[in-house]
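This report refers to the structure that appears directly beneath it.
Only this structure's heavy atoms are used, side chains among them; waters, hydrogens and symmetry mates stay out.
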Amino acid sequence: HREGLTRAIALEDISEVDFRAEGLVGDVIEVVDSNGDALRFEIAPLNDGAAFFRALERARERATPRGAIEIDRGDTDVP
């Protein structure tokens with residue numbers, strides 16, 4: 001949230017995620033979407049930014065890319 005605006009990037013549109021520790025700032029997660037738009041999250045020291053990062057990565061893995069066709073593998077031999 002910055003300057004009265006709220007920005008969002010859909011999980012399906014994330015193309016890059018960077019995680020790092022920045023001294024007094026704490027942990028930083030930067031997310032870039034397929035259009036090159038970016039968001040930066042600063043997690044205060046001692047608030048386990050790595051847990052936020054892991055949750056984001058798990059959510060990304062579960063997200064279905066926009067426009068992708070979901071396949072029901074229940075009737076096939078495909079694993």
Side-chain angles (χ1 to χ4, degrees):
H1 182 79
R2 178 189 267 181
E3 300 169 7
L5 301 174
T6 300
R7 300 243 353 250
I9 295 176
L11 291 169
E12 300 85 9
D13 294 338
I14 294 174
S15 62
E16 184 180 332
V17 178
D18 182 44
F19 173 77
R20 65 183 178 280
E22 284 193 1
L24 296 176
V25 171
D27 295 321
V28 174
I29 299 172
E30 292 180 329
V31 177
V32 180
D33 73 6
S34 55
N35 294 321
D37 293 328
L39 295 176
R40 176 183 167 108
F41 302 93
E42 295 178 359
I43 315 289
L46 306 177
N47 283 337
D48 197 10
F52 286 89
F53 176 71
R54 288 189 304 271
L56 174 60
E57 287 296 290
R58 282 192 306 272
R60 249 180 101 192
E61 290 171 6
R62 290 191 306 265
T64 303
R66 290 181 189 248
I69 300 171
E70 292 187 75
I71 300 171
D72 178 6
R73 297 187 188 275
D75 329 330
T76 67
D77 293 332
V78 179

- request: Answer with yes or no whether the hydrophobic clustering places Leu39 together with Val28; edges join I, L, V, M, F, W, Y residues whose side-chain heavy atoms lie under 4.5 Å apart.
  value: no
- prompt: Who are the side chain to side chain contact (heavy atoms under 4.5 Å, CB included) partners of Ala44, not counting sequence neighbours?
  reply: Asn47
task: Quick one: list whatever passes salt bridge (charged side-chain N to carboxylate O under 4.0 Å, His left out) with Glu22, sequence neighbours left out.
output: Arg20, Arg40
message: Would the distance check show the side chain of Asn35 and the main-chain N or O of Asp37 forming a donor-acceptor pair, the cut-off being under 3.5 Å?
response: no
field: Of all pairs that satisfy ring pair (Phe, Tyr, Trp, His ring centres under 6.0 Å), the ones with a partner from residues 6-55, not counting sequence neighbours
entry: Phe19-Phe53
- prompt: Closest approach of Pro45 and Gly23, non-hydrogen atoms and distance?
  reply: CG-O, 4.5 Å
- request: List the atom of Ile9, the atom of Asp33, and the distance in Å for their closest heavy-atom pair.
  value: CG2-CB, 3.6 Å
query: Excluding sequence neighbours, so at least two apart, what forms side chain to side chain contact (heavy atoms under 4.5 Å, CB included) with Ala38?
result: Val32
task: Indicate, with yes or no, if Ile29 and Val25 share a hydrophobic cluster defined by side-chain heavy-atom contacts under 4.5 Å among Ile, Leu, Val, Met, Phe, Trp and Tyr.
output: no
message: Let me confirm one number: the CD-CD distance from Glu30 to Glu42, rounded to the nearest 0.5 Å.
response: 9.0 Å
message: If hydrophobic residues (ILVMFWY) are linked whenever their side-chain heavy atoms come closer than 4.5 Å, directly or via other members, who joins Leu46 in its cluster?
response: none
Presence of salt bridge, Arg54 and Glu57, under 4.0 angstrom: no
task: Could you pull out the closest heavy-atom pair between Leu11 and Ala63, with the gap in Å?
output: CB-CB, 3.7 Å
